[in-house]
Amino acid sequence: GAVGTARAARGAMFRAQSVGFKPKMSPFLLRLTIIGVLGTCLALNLCGMFSSRALGLPQMRASVSTHTNTMRGTSPSVSTPSIFRRGSRISVSNRWRRPCPAAVEDEFIRKAPLVQSTVNSSVISDTPEWLSLKIHAASGFPHLRELLKDEERVEALSMEHDGILLDFSRQRMTMETLGLLLALARRAGVTERIKSMAAGAIVNPTENRAALHMALRADKEDTFFAPSDEGPKDVVPEVHEVLDRIEDFSERVRSGEWSGVTGKKLRNVLVVGIGGSYLGTDFVARALAADRKAAAAANGRGALRFLSNVDPVDRRTALEGWDPAETLVVIISKTFTTAETMLNARTVRSWLTDSLGEKAVSKHMVAVSANNERAKEFGIDPENVFGFWDWVGGRYSVSSAVGILPLALHYGMSISRDFLEGMREMDRHFITAPLGDNLPVILGLLSIWQSSFQGFPTRALVCYSQAMAKFAPHIQQVSMESNGKSVSLDGTELPYSTAEVEFGEPGTNAQHSFFQLLHQGRTVPCDFIGFAGSQAPIELPGEEVSNHDELMANFFAQPDALAIGKTVNELREDGIPDELIPHKVMPGNRPSTVLLIDRPLDARTTGQLLALYEHRIAVQGCIWGINSFDQYGVELGKILGTEVRKQLSRTRHEGAPITGFNPSTTRLLKRYLGLDKDKLE
């Protein structure tokens, strides 16, 4: 391990010199530092060997299988879904050559210098692969402005699948880094975890559930098995039964066969839900609004809107200008008990019945829920309840009836099936591609590299497409709710942080919002997403470039500006006054990842991108050794909120005193309720 570390250090020095990097210390001091690192690592290695043998501890490699099984969450016998056996129907564009084929994956890993560890632990951070990456990250790298001059490196740190080009050459990393990351993925059992997810294994042990959202977009010929009391059960027939019902119902609504109580066509659709019950669908609906094919399919329809916030202002905005006689309401709640959603549902029902009478509920309100009884009690005809299953997490449910019913009502089932096809294509790539040639895996590894090894806890998601405006908020929820954990699958407290704080805005708006901080303040890694064409192209006579080219000029410029920066010497050459130079220096060396899609955004591509990021998040969770499919952190606030709600009701209606809260909350509640200090003790 020490020899490997020294070799890595020497290799880093030689690579740095080959691209023109000049170290700040003399060659003699640099060599002396390398010798010191070698001696320190050798001493630590010997100490670890002697201490572990003296205490009778096993060597790390003897505990690999235990660690891996803990990380994977798999059962010993897992049936292989047909999606593996059938192969994948993937069309790969040749527009961009994949310069780093899967065949070199083993070579990357073989050349990765791994340290040895004598710690016996089930936590990934105690493995040789993690420790090697820690040492590798600490060794430092040349500035990105130098690394980007290496054409071989740029080609190696990029890959392409089905017209989606992933360029991660602006990351602070080398090909050696990639090898170490792939070795870490193997140690964490990423390949096995992917297969376990697809095979319906219990990968959500705290709730004893599978995570089978890939089954929601499967072909009818595919098989995906979920656990049941009678043993593994193929869920694909049930999925397609719901899809067929959605198609039948949505076409009847769109044609006017299913009309409101007044006989008017139901042109407007309001979706009532919160969190995963609306964020993904809202993103997809907006992404398709300007697509020519989708817009043509929605021609003659009214609007598709969402009511999520219990704030009455959101209700007013959602229903403004609408005629109840032309409105269909879709209530989305798995349990039909979510407080905010059910209050909003009752509020909208009142809006309908005040105008149309009680009989309007059965004609103007439908539901997506797993609780038919509650929906029936609400007044919804059981025939108009579209189900989904406990193996679908809310934030992963956009490809279920949660998303497909609203999308089919507005855009039609053909567009909705295009969206599902895109998700299915990325699923197959995720399942079948080797780790080194797998887009979601590489994205996940880059996130691990940035957050766990380089210390960047935040990521900006910047899409150069206004149609993608709601992508960042949706991925924000999927990522932070999935991976915002602090214990491993077996309940062990983790010695490292998980997840990133995700945020974003469409470019070029983002540039005028938070890019000042990115260029001269904190280092925040970015994902840039752009498209080779526009959904709504404009090219004015006399203009130098089209509107889309203007947008994309910024897309190409910003990653380089962040990576390369602007030096003192360059500013002097530009004639900048000396007193302004410190204010205009851009340090650069800011990492980013670029995704360039070789076509305009459409329904299929929207599905691909959404599935790509869903799977990226699962890869991160696998490597960190956490459960990406529960969300107990959401529950405590709900419980406390229930107590506050009861207190508000008692105080407003019965004059009850405020009790049971800490002094701060008590004081705030009194101020909120307008109570003076003398009225309540």
Side-chain angles (χ1 to χ4, degrees), residues 83 87-103 154-170 214 217 219 283-284 287-288 290-294 399 414-444 446 461-468 471 475 506-507 526-537 546 548-549 551-556 559 592-616 619:
I83 197 166
S88 61
R89 292 174 283 177
I90 297 174
S91 60
V92 179
S93 166
N94 290 320
R95 178 167 180 175
W96 289 299
R97 181 173 65 88
R98 163 73 165 104
C100 181
V154 169
E155 289 207 358
L157 301 185
S158 60
M159 58 187 297
E160 187 265 347
H161 169 74
D162 197 24
I164 301 174
L165 174 64
L166 170 63
D167 181 345
F168 50 104
S169 61
R170 290 172 187 79
M214 287 189 281
R217 46 260 196 170
D219 267 338
F283 153 62
V284 178
L288 301 182
D291 172 62
R292 291 181 180 181
K293 184 178 176 182
S399 50
S414 177
I415 296 295
S416 302
R417 290 193 187 278
D418 287 348
F419 167 69
L420 292 173
E421 180 190 338
M423 299 197 85
R424 179 168 62 249
E425 193 282 326
M426 187 56 69
D427 292 344
R428 288 176 171 166
H429 169 71
F430 182 51
I431 291 170
T432 60
L435 295 180
D437 204 22
N438 194 308
L439 258 68
V441 169
I442 295 300
L443 276 183
L446 294 175
L461 185 53
V462 186
C463 303
Y464 279 72
S465 166
Q466 189 62 33
M468 296 277 286
F471 190 56
I475 297 305
C526 297
D527 282 8
F528 289 93
I529 301 178
F531 301 86
S534 172
Q535 291 178 326
S546 68
H548 187 68
D549 280 350
L551 175 73
M552 292 302 289
N554 287 274
F555 169 81
F556 293 114
S592 65
T593 299
V594 175
L595 283 161
L596 179 60
I597 293 87
D598 69 352
R599 54 191 175 272
L601 181 66
D602 58 14
R604 184 175 180 275
T605 305
T606 301
Q608 285 181 303
L609 289 171
L610 183 49
L612 171 62
Y613 274 78
E614 283 184 354
H615 297 326
R616 180 214 87 187
V619 169

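Quick caveat: nothing in here was measured; it's all calculated off a predicted structure.
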Separation of S158 OG from L596 CG (nearest 0.5 Å)
11.5 Å
Side chain to side chain, F528 and D167, heavy atoms closer than 4.5 Å
no
The reported gap from OG1 in T605 to CD in E421 (rounded to nearest 0.5 angstrom) is 10.0 Å
Apply the test side chain to side chain contact (heavy atoms under 4.5 Å, CB included) to residues M468 and L601: give CA-CA distance (whole Å), side-chain angles for both, the deciding distance (0.1 Å), then the verdict.
CA-CA 9 Å; M468 296 277 286; L601 181 66; 3.8 Å; yes
Can you tell me how the ring of H615 sits relative to the ring of F430, calling it parallel under 30°, perpendicular over 60° and tilted otherwise?
parallel
Using modelled atom types and a 3.5 Å cut-off, is there a donor and acceptor pairing between side-chain atoms of Q535 and backbone atoms of A287?
yes
Min side-chain heavy-atom separation L612-L595 under 4.5 Å:
yes
Here the pair of heavy atoms bringing G436 nearest to M159 is O-CE, 4.2 Å
Can you tell me how far the CD atom of E160 sits from the CG atom of D598, to the nearest 0.5 Å?
7.0 Å
Minimum heavy-atom separation for H548 to S534, with atom names?
ND1-CB, 3.6 Å
Show the nearest heavy-atom pair for residues S592 and P559, with the distance to one decimal.
OG-CB, 3.7 Å
Separation of Q608 CD from L439 CG (nearest 0.5 Å):
9.5 Å
With R616, which residues qualify under salt bridge (charged side-chain N to carboxylate O under 4.0 Å, His left out), at least two apart?
E502
Are I442 and V619 side-chain neighbours, meaning at least one heavy-atom pair lies under 4.5 Å?
no
Single hit among L461, V284, V462 for side chain to side chain contact (heavy atoms under 4.5 Å, CB included) with F471:
L461
Do T593 and L166 touch side chain to side chain, with heavy atoms closer than 4.5 Å?
yes
Taking the side chain as every heavy atom from C-beta outward, state whether S399 and M214 have any atom pair closer than 4.5 Å.
no
Should F283 and I475 count as side-chain neighbours, where that means a heavy-atom distance under 4.5 Å?
no
What I'd like to find out is whether the side chain of V594 reaches to under 4.5 Å of the side chain of L165, using heavy atoms alone.
no
Identify whether the distance between the nearest side-chain nitrogen and carboxylate oxygen of D602 and K293 falls below 4.0 Å.
no
D219/R428 ion pair, N-O < 4.0 Å
yes
Check: E614 and M423 side chains under 4.5 Å, non-hydrogen atoms:
yes
Separation of I164 CD1 from L609 CG (nearest 0.5 Å):
5.5 Å
Spatial distance of atom CZ (R599) from atom CZ (F531) [nearest 0.5 Å]
9.0 Å
Side-chain donor/acceptor of R424 to backbone N/O of R217, under 3.5 Å
yes
Decide whether H161 and N438 meet the rule of one side-chain donor and one side-chain acceptor closer than 3.5 Å.
no
If every non-hydrogen atom of H429 is compared with every non-hydrogen atom of P440, which pair is closest and at what distance?
CD2-CD, 3.7 Å
